[in-house]
Amino acid sequence: MANMPSIPKGTRDFSPAEMLRRKYIFRTIEAVFQKYGFLPLETPAMENLSTLTGKYGEEGDRLIFKVLNSGDAWRSVSGEVREMLTKGEEVHPGRLAGELSEKALRYDLTVPFARYVVQHRNEITFPFKRYQIQPVWRADRPQKGRYREFYQCDADVIGSKSLLNEVELVELIGDVFAALDLQVVIKVNDRKVLSGIAEISGQPERVVDMVTAIDKLDKIGREKVEEEMRTKGITDAAISEIAPLFELEGTWMEQRPKLEQWLASSTIAQEGLRNLSTIFNAVGTRNGATLEFDPTLARGLDYYTGAIFEVKSQEGNMPGSICGGGRYDDLTGIFGLKDMSGVGISFGADRIYDVLLETNKFPAELGGSTRVLFANFGEKEAIHCLKLLRTVREAGIAAELYPDPVKMAKQFKYADDKGISFVAIIGENELKQGIVTVKEMKSGEQKAVKEEDLLSIIS
RNA sequence: GUGGAUGUAGCUCAGUUGGUUAGAGCGCCGGAUUGUGAUUCCGGAGGUCGCCGGUUCAAGCCCGGUCUUCCACCCCA
């Protein structure tokens, strides 16, 4: 174990068995995306650092993987900074990183998408619906269900303000998890309702602090939430104005009248409530997933401005969300394109994988493995098998010939380890008689048939 | 980024108050069976005990540092 090679922290290898399961998730999601009219898009692993910085908040900037400038990176450092360093003065780490690096690995798929839309605005027909399934990187500290390299599966519609898009996305989420046979709850809220609550409290400028505290309600309880708001400098008066929020319970239909009354004086809150009403009415109860209003749902306040979603599994032990999204009114504004409202969702494939594995929801037959292995008895027999191999493959059956004429035990073990269903044996005897001995690995049963009957046995 | 735990064979883990040659199960390789895997029996290989340094006559075990993995926080998929 002395010089065993390894991979960077928070990254993973995926074995063939794992890849078959991962591919199953990806193709399920992709098929649903396409069914809803989304088309594929890919963007580079690296973006210009300036494209990414400042888009994910202060915390997010720290988590962006920067790529060191190629060649002698030191040469790109400005004279001013060099001087400071040689004098032993402290340089802000962000500033130094900015001088040593001009590229970074993408942190999510949404910002590169916004960049793409702005850059190609004249070629795109709006509303533009794209999906994107690619890895993203975060310099976070790894934990269960948290990796430094992981895949996101995004679908966004940009260039349409219609709430029908939100409705469609809710239906899409329902379809994906129905196809994966997983019971989930889709939580919804509207950022405008949260803004309205901040407005009512008298400290509208503190929405973010308020909401990040409120978001932890089910985790740390009401008292700790209020304590956190206090330490963040929110006044006691404001906190007591927020109080009704903690007393809300029940379904959307039950909560809605209370919210309307409580937030009557806030026009923005009323708009949010109307949006939610539209979504709830249109979605109804038609798909398997439960749609639930959650006034304490916050997420992604950096760019979300309207509806927000989060999906949690009702099966298994995954604490985090397995899918999330929302509406953003001005994502492209920072790149100079105004008035481009969009709404999107992102599936966390890695977490979905963990849930499906834990709850044993992967289909038994994932395909991908060979159905029949031709044993190799030597050059003459092997050459003869090539003809049969072609016939079997032309019938659409995955088949392979063991490449070396090694002893049978090894060839059978190969078939067993690889989960191959049948082994076709053509040795000296079979060759002479024009037959093939076929063994079914699972039952251990074996019979000799004419070569032309091989297909009917293995298919 | 803050705090805590962890690391012994390919994998999962034993290893006494510091004391001779560090063990087991599984896996791997070979044989029993020169045409049969999964099952059975027999045999074998494989470890600078994460890495660097320190204490000691003596370190897998004690101390310091470092890296990894895991847990909590922060944040998030």
Side-chain angles (χ1 to χ4, degrees), chain A residues 1-12 15 25 29 56-64 93-94 106-110 133-154 208 212-213 215-216 219-220 224 228 298-302 304 309-313 318-325 344-355 373 375-378 381 402 405-431 436-448:
Chain A
M1 196 152 101
N3 286 321
M4 193 66 102
S6 62
I7 55 176
K9 184 200 282 205
T11 64
R12 296 156 296 161
S15 68
I25 294 174
I29 293 173
Y56 309 106
E58 206 179 316
E59 188 74 8
D61 281 358
R62 211 192 68 219
L63 300 178
I64 294 171
R106 63 168 168 261
Y107 179 90
D108 71 357
L109 300 177
T110 308
I133 299 177
Q134 289 188 275
V136 303
W137 294 269
R138 294 185 189 175
D140 208 350
R141 203 177 273 207
Q143 246 182 69
K144 186 181 176 60
R146 264 175 110 164
Y147 308 98
R148 291 186 136 184
E149 178 186 61
F150 61 95
Y151 274 71
Q152 288 189 333
C153 312
D154 277 28
V208 174
T212 46
D215 192 43
K216 294 173 193 160
K219 221 172 167 184
I220 61 177
K224 296 243 172 157
E228 183 175 324
R299 69 171 285 114
L301 280 157
D302 295 290
Y304 291 125
F309 313 100
E310 195 160 286
V311 180
K312 294 212 165 152
S313 173
M318 176 58 67
S321 64
I322 52 177
C323 173
I345 46 158
S346 178
F347 290 85
D350 299 272
R351 287 187 177 178
I352 292 172
Y353 180 97
D354 289 346
V355 174
L373 173 76
N376 188 328
F377 278 83
E381 291 87 347
Y402 198 90
V406 297
K407 60 176 188 173
M408 278 307 102
K410 190 165 167 90
Q411 302 196 33
F412 272 87
K413 183 159 166 42
Y414 175 83
D416 190 42
D417 286 347
K418 220 173 154 180
I420 295 173
S421 312
F422 297 94
V423 175
I425 302 154
I426 301 179
E428 203 181 343
N429 300 335
E430 286 88 352
L431 195 59
V436 50
T437 301
V438 182
K439 175 163 179 171
E440 196 200 344
M441 293 300 280
K442 200 171 169 186
S443 62
E445 277 168 35
Q446 175 169 320
K447 53 185 155 186

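Owing to the predicted nature of the structure, the values given are computational and were not obtained by experimental measurement. The figures that follow rest on heavy atoms only: side chains count, while hydrogens, waters and symmetry mates do not. Each chain gets a letter, A, B and so on, in the order its sequence line appears, and its residues count up from 1.
- Put simply, CZ on A/Arg148 is 14 Å from C1' on B/C76, counting in whole angstrom units.
- Shown here, B/C62 forms a base pair with B/G54; the pair counts as Watson-Crick or G-U wobble because both key distances fall under 3.5 Å.
- No engagement by A/Glu381 is indicated, since no non-hydrogen atom pair under 4.0 Å with the nucleic acid exists.
- Taking only side-chain atoms of A/Lys413, from C-beta outward, the nucleotide of B/C29, B/G35, B/U68 with the closest atom is B/C29.
- The base of B/G35 is not paired with the side chain of A/Gln446 by any donor and acceptor separated by under 3.5 Å.
- When each of A/Arg62 and A/Glu428 is assigned the nucleotide of RNA chain B with its nearest heavy atom, A/Arg62 is the one assigned upstream, toward the 5' end.
- Taking atom CD of residue A/Glu445 and atom C1' of nucleotide B/U36, one finds them 15 Å apart after rounding to whole Å.
- A/Gly10 comes within contact range of the sugar-phosphate backbone alone, with a heavy-atom separation under 4.0 Å but no base atom that close.
- B/U39 makes up no base pair with any nucleotide shown, lacking Watson-Crick or G-U wobble contacts both under 3.5 Å.
- Here A/Ser346 lies out of heavy-atom contact (under 4.0 Å) with every strand.
- If you check B/C73 for Watson-Crick or wobble pairing at under 3.5 angstrom, you find it paired to B/G1.
- One finds a side-chain N or O of A/Lys407 lying less than 4.0 angstrom from the OP1 or OP2 phosphate oxygen of B/G31.
- Of the residues A/Asn429, A/Val423, A/Ile425, the one that meets the side-chain contact (heavy atoms from CB on, under 4.5 Å) test with A/Thr437 is A/Ile425.
- Here the side chain of A/Arg141 is nearest to one of B/C76, B/G37, B/G1, namely B/G1.
- Using modelled atom types, no side-chain atom of A/Asp350 and backbone atom of A/Arg146 make a donor-acceptor pair closer than 3.5 Å.
- Between A/Lys9 and B/U68 there is a side-chain polar atom (N or O) within less than 4.0 angstrom of OP1 or OP2.
- Mapping A/Lys410 and A/Asp140 onto RNA chain B via the closest heavy atom, the residue that lands nearer the 5' end is A/Lys410.
- The NZ-P distance, from A/Lys312 to B/C76, rounds to 13 Å in whole Å.
- Between the P atoms of B/U8 and B/U48, the separation comes to 13 Å (whole Å).
- Among the atoms of the strands shown, none is found under 4.0 Å from any heavy atom of A/Asp417.
- Distances from the side chain of A/Arg146 to the nucleotides B/C28, B/U36, B/C74 place B/C74 closest.
- Within a 6.0 Å sphere centred on CD of A/Glu428, other residues, nucleotides and ligands contribute 12 heavy atoms or fewer.
- Here the separation of B/C42 from B/A59, taken at their C1' atoms, is 38 Å to the nearest Å.
- Remark: A/Gln143 is in phosphate contact with B/A72, judged by side-chain N or O atoms under 4.0 Å from OP1 or OP2.
- Residue contacts shown for A/Gly444 include a base, since a base heavy atom lies under 4.0 Å away.
- Side chains of A/Thr11 and A/Glu149: a donor-acceptor N/O pair is absent below 3.5 angstrom, by distance only.
- Between B/U56 and B/U17, the distance separating the two P atoms is 23 Å to the nearest Å.
- A/Arg12 has its CZ atom 15 Å from the P atom of B/A77, to the nearest Å.
- Nucleotides B/C13 and B/G53, compared at atom C1', are 29 Å apart to the nearest Å.
- Taking atom P on both B/U34 and B/A24, the two are 30 Å apart, rounded to the nearest angstrom.
- In this structure, A/Glu430 places its CD atom 8 Å from C1' of B/G35, rounding to the nearest Å.
- Here, B/U16 and B/G60 have their C1' atoms 13 Å apart, quoted to the whole Å.
- Taking the 5.5 Å centre cut-off and the 30° plane limit, the aromatic side chain of A/Phe150 is classed as stacked on B/A77.
- Within the 3.5 Å criterion, the main-chain N or O of A/Asn376 finds a donor-acceptor partner in the side chain of A/Gln411.
- In this structure a side-chain-to-backbone donor-acceptor pair under 3.5 Å is missing from A/Arg148 to A/Arg141.
- Partner assigned to B/G10 is B/C26, using Watson-Crick or G-U wobble distances below 3.5 angstrom.
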Apply side-chain contact (heavy atoms from CB on, under 4.5 Å) to residues A/Phe150 and A/Val136 and explain how you reach the verdict.
CA-CA 6 Å; A/Phe150 61 95; A/Val136 303; 3.5 Å; yes
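- Taking atom OH of residue A/Tyr107 and atom C1' of nucleotide B/C76, one finds them 6 Å apart after rounding to whole Å.
- A/Ile322 comes within 4.0 angstrom of sugar-phosphate atoms only, judged by non-hydrogen atoms across all strands, and of no base.
- In this structure, A/Met408 reaches the sugar-phosphate backbone alone: every heavy-atom distance under 4.0 Å involves primed, P, OP1 or OP2 atoms, never a base.
- Contact annotation for A/Ala415: no contact, since no heavy-atom pair falls under 4.0 Å across all strands.
- Remark: the separation of the P atoms in B/C74 and B/G7 is 28 Å, to the nearest Å.
- In this structure, A/Arg106 contributes its side chain and A/Pro135 its backbone to a donor-acceptor pair below 3.5 Å.
- B/U68 and B/C51: their C1' atoms are spaced 10 Å apart (whole Å).
- One interatomic measurement links the two molecules: OH of A/Tyr147 to C1' of B/C76, which rounds to 14 Å at whole-angstrom precision.
- Considering only the side chain of A/Arg138, B/C76 comes nearest among B/C76, B/A72, B/C75.
- Atom NZ in A/Lys224 sits about 13 Å away from atom C1' in B/A72, given to the nearest Å.
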